[in-house]
Amino acid sequence: MSGSSNRPVRRRTFVLGTAAAAGSAALAGPLAQSASAAGFGYTDDGSQYVVDTGANLVFKVSKTNGDLTSLVYRGVEYQGYGGMNSHIESGLGTSTVSIKQSGSTILVSVAYGTLKHYYAARSGENNVYLWTNKADTSVSATRYIVRVKKGLFLNDEPDSYTYTNSTIEASDVFAKSDGQTRSKHFSKLRVMDYDHIGWSSGGVGLWMVRSNHEKASGGPFYRSLLRHQSADGGGLYEILYYGQNQTEAQRFGLQGPYVIAFTDGGAPSSSLFPGTLTTSWADSLGISGYVGASGRGRVSGVGITGRNTAHPYTVGLANSTAQYWGSARASDGYFSIGGVLPGTYTLTVYKSELAVYSTSVTVSAGGTTTLNSIAIPSSNDPSNASAIWRINDWNGTPSGFKNAGLMTYAHPSDVRAAAWTGNVVIGSGSETSAFPCYLWKDVNSGLLVYFRLTAAQAAAAHTLRIGVTTAYANGRPQVTVNDAWTSAIPSPPTQPNTRSLTNGSYRGNNHTFTYSVPASAWKTDTGQYNVLRIDVVSGSGTTGFLSAGTSIDAIDLLA
């Protein structure tokens, strides 16, 4: 886009990208150059450092607090809405800000207490590389937000909203007049699902390319706020520690680089993506906590046996200081995870999002830890247990249940959601699609499941299992069979204590509740239906969709 920022937008395109389609990007990736591009350099205007990349991008950093105060691309200002700058969290206080040029790289360094933050420019590139080193909890730094002027990329996606819409929850979930819901939390994507986020319009693409998230928390399946757009302007985020529906403690240290990238409207170059980005040019810049490629190692596995090939498998590495992950090859389970900081990690194999195997691995700098074929024990996958009936397959997600496909980008009250009530009949062929993905104490507690048993089955006790992926306000299932037997109220497992089911996330701690149902509970007439009632119990929560609730993974009655 060129000209005034008030010019009407001719074409609007929403993109949440993966590692595909970078062909039309202009000067979006790292360039190997022997000399600086014409105009590359920086000046000091007294209050700001002004950096010209020598391409089409000029940006400014405040010498007072390290805010990014200007992003001018092709002569158009993109930075800022509501009088606010782009910055860490809500902005730092008075900081020590310095700048230096090393050949074809300019580095702006910001120090605020124990927090260190960096902006880097490369000659001839329309990119800003950022690093953030949060050393401890003394400084708040849970995100970096790029604030974008209003009217440049306005759209109507799940993470877009206007304040004239009805507020239906807290101050961040809205309903349009047509009943569809909107919130900045509705990103749709897990961390492993995207490389970049942003907008494209009028021949300009503005993107945030995420880092490898080695110092973030939550693993590959974590969902967080990524982007928003309102009548006031837009925001692109790199989340350092979200806090919402968090399953891990906060990690500290250097996170990055993450990249603000401008293009001619196409996706940013895949050379900027986590896993492919190389930054040897930053090795000697003196960035606090920086570890170059030579100081990192790799973990590789020759294969994984015992997989259910109907599901994808992911391998994760995690300890208290770092996290990594990679996909296992569908054909044989081969995996390779590079760029790993030295240390000892828990390696976990996930069937979709359900942990089915773990072991310990040690990584050394410059080395590759090679593992022999991993054999997943049959007993580790609950789907392998013989069942009289089963609703959904065990995979650590509510995928397949009613409304599950909508809940990562809409509120449960959304007009597009099917009724949350309704009972289920085993053998109908629609058991999974008829069963709601979420159960709440105040919405659909008391759901009934109808099923028949043979005489032999009815003569024996059986184990009932209910798998959940998270819970809100300690919501957990208590079951009753034929009004003849009621289970004890189970203890609540450890789960995040923030909103989840209503702001686009089912990801918590997978947990399986087991109930030993005595033979005396079953109907002896094989022509009659047994009736299982599932109630949500808790002493916490409020009302409606903020009453105690839980997300369902699978339910089965074992043989």
Side-chain angles (χ1 to χ4, degrees), residues 1-17 21 24-26 56-57 59 68-87 126 128 143-168 171-189 194 196-209 224-239 260-268 408-411 414-416 503-504:
M1 177 180 296
S2 61
S4 169
S5 61
N6 295 319
R7 180 171 297 174
V9 175
R10 295 188 298 271
R11 177 177 62 85
R12 293 170 179 165
T13 304
F14 158 76
V15 180
L16 284 170
S24 62
N56 295 302
L57 177 63
F59 66 91
L68 187 65
T69 59
S70 177
L71 274 171
V72 174
Y73 179 67
R74 295 182 183 169
V76 176
E77 178 66 76
Y78 282 83
Q79 196 289 130
Y81 65 77
M84 295 180 285
N85 296 320
S86 302
H87 43 217
N126 294 316
V128 183
R143 67 177 187 184
Y144 190 93
I145 177 172
V146 179
R147 302 186 189 273
V148 182
K149 294 176 73 69
K150 65 181 181 180
L152 296 174
F153 300 107
L154 196 62
N155 58 53
D156 186 32
E157 293 295 330
D159 53 14
S160 303
Y161 55 90
T162 66
Y163 296 108
T164 58
N165 294 153
S166 298
T167 303
I168 60 174
S171 59
D172 56 10
V173 183
F174 305 90
K176 297 172 59 182
S177 59
D178 63 4
Q180 292 192 16
T181 54
R182 299 287 187 265
S183 175
K184 62 184 180 181
H185 299 292
F186 295 159
S187 66
K188 296 186 180 181
L189 301 176
Y194 77 97
H196 61 283
I197 55 172
W199 304 281
S200 177
S201 179
V204 173
L206 173 54
W207 315 98
M208 174 71 83
V209 185
S224 70
L225 168 63
L226 301 181
R227 193 194 72 164
H228 84 268
Q229 182 73 257
S230 73
D232 295 338
L236 298 178
Y237 300 85
E238 169 76 344
I239 297 297
I260 303 169
F262 282 92
T263 72
D264 61 3
T408 59
Y409 63 94
H411 189 269
D414 195 288
V415 68
R416 293 167 290 178
N503 67 358

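Counting from 1, the numbers follow the sequence of the chain as shown.
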(message) Within the 4.5 Å heavy-atom criterion, are L206 and L152 side-chain neighbours or not?
(response) no
(request) Using the side chain to side chain contact (heavy atoms under 4.5 Å, CB included) rule, take H87 and I145 through it: C-alpha gap first, then chi angles, then the decisive distance, then the call. (result) CA-CA 6 Å; H87 43 217; I145 177 172; 4.0 Å; yes
(request) Identify the two heavy atoms, one from E77 and one from K149, that lie closest to each other, and give their separation to 0.1 Å. (result) O-CD, 3.1 Å
(message) Any side-chain to backbone donor/acceptor pair from R147 onto S86? Under 3.5 Å, distance only.
(response) no
(request) Could you tell me the separation between the CG atom of L236 and the CD atom of Q229, rounded to the nearest 0.5 Å? (result) 9.0 Å
(message) Donor-acceptor pair, distance only, cut-off 3.5 Å: does the side chain of R227 make one with the backbone of G198?
(response) yes
(request) Report yes if the side chains of L71 and F262 come closer than 4.5 Å at any heavy-atom pair, otherwise no. (result) yes
(request) Using modelled atom types only, decide if a donor and an acceptor are shared between the side chain of N126 and the backbone of N56 within a distance under 3.5 Å. (result) yes
(message) Give me the atom names and distance for the closest heavy-atom approach of G203 to R74.
(response) O-NH1, 3.3 Å
(request) Taking all non-hydrogen atoms of both residues into account, name the closest pair between N155 and E157 and its distance. (result) OD1-N, 3.4 Å
(request) Measure across V148 and W199 and return the closest heavy-atom pair with its distance rounded to 0.1 Å. (result) CG2-CZ3, 3.8 Å
(request) To the nearest 0.5 Å, tell me how far Y73 OH sits from T263 OG1. (result) 6.5 Å
(request) Rounded to the nearest 0.5 Å, what's the gap from OG on S160 to CG on L154? Could you check? (result) 7.0 Å
(message) One thing to verify: whether D159 and K188 come together as a salt bridge, which I'm taking to mean a side-chain N less than 4.0 angstrom from a carboxylate O.
(response) no
(request) Kindly give the heavy-atom pair with the smallest separation between A261 and V209, and that separation in Å. (result) CB-CG2, 4.4 Å
(message) Could you check whether any side-chain N or O of S187 sits under 3.5 Å from a backbone N or O of S224, counting only pairs where one atom can act as donor and the other as acceptor?
(response) yes
(request) Verify, without hydrogens or angle tests, whether S183 (side chain) and D172 (backbone) share a donor-acceptor contact under 3.5 angstrom. (result) yes
(message) Can you tell me how the ring of H228 sits relative to the ring of Y81, calling it parallel under 30°, perpendicular over 60° and tilted otherwise?
(response) perpendicular
(message) Let me confirm one number: the OH-CE distance from Y194 to M208, rounded to the nearest 0.5 Å.
(response) 9.0 Å
(message) Please check: side-chain N/O of W207 versus main-chain N/O of G266, any donor-acceptor pairing under 3.5 Å?
(response) yes
(request) Taking the side chain as every heavy atom from C-beta outward, state whether V146 and Q79 have any pair of such atoms under 4.5 Å apart. (result) no
(request) Please name the residue in the list D156, T162, N165 that meets the side-chain hydrogen bond (donor to acceptor under 3.5 Å, both in side chains) test with K176. (result) D156
(request) Supply the atom-to-atom distance Y144 OH to I260 CD1, rounded to the nearest 0.5 angstrom. (result) 5.0 Å
(request) Taking all non-hydrogen atoms of both residues into account, name the closest pair between T181 and F186 and its distance. (result) OG1-CE1, 3.9 Å
(request) With rounding to the nearest 0.5 Å, note down the distance linking CG in L226 to OH in Y237. (result) 10.0 Å
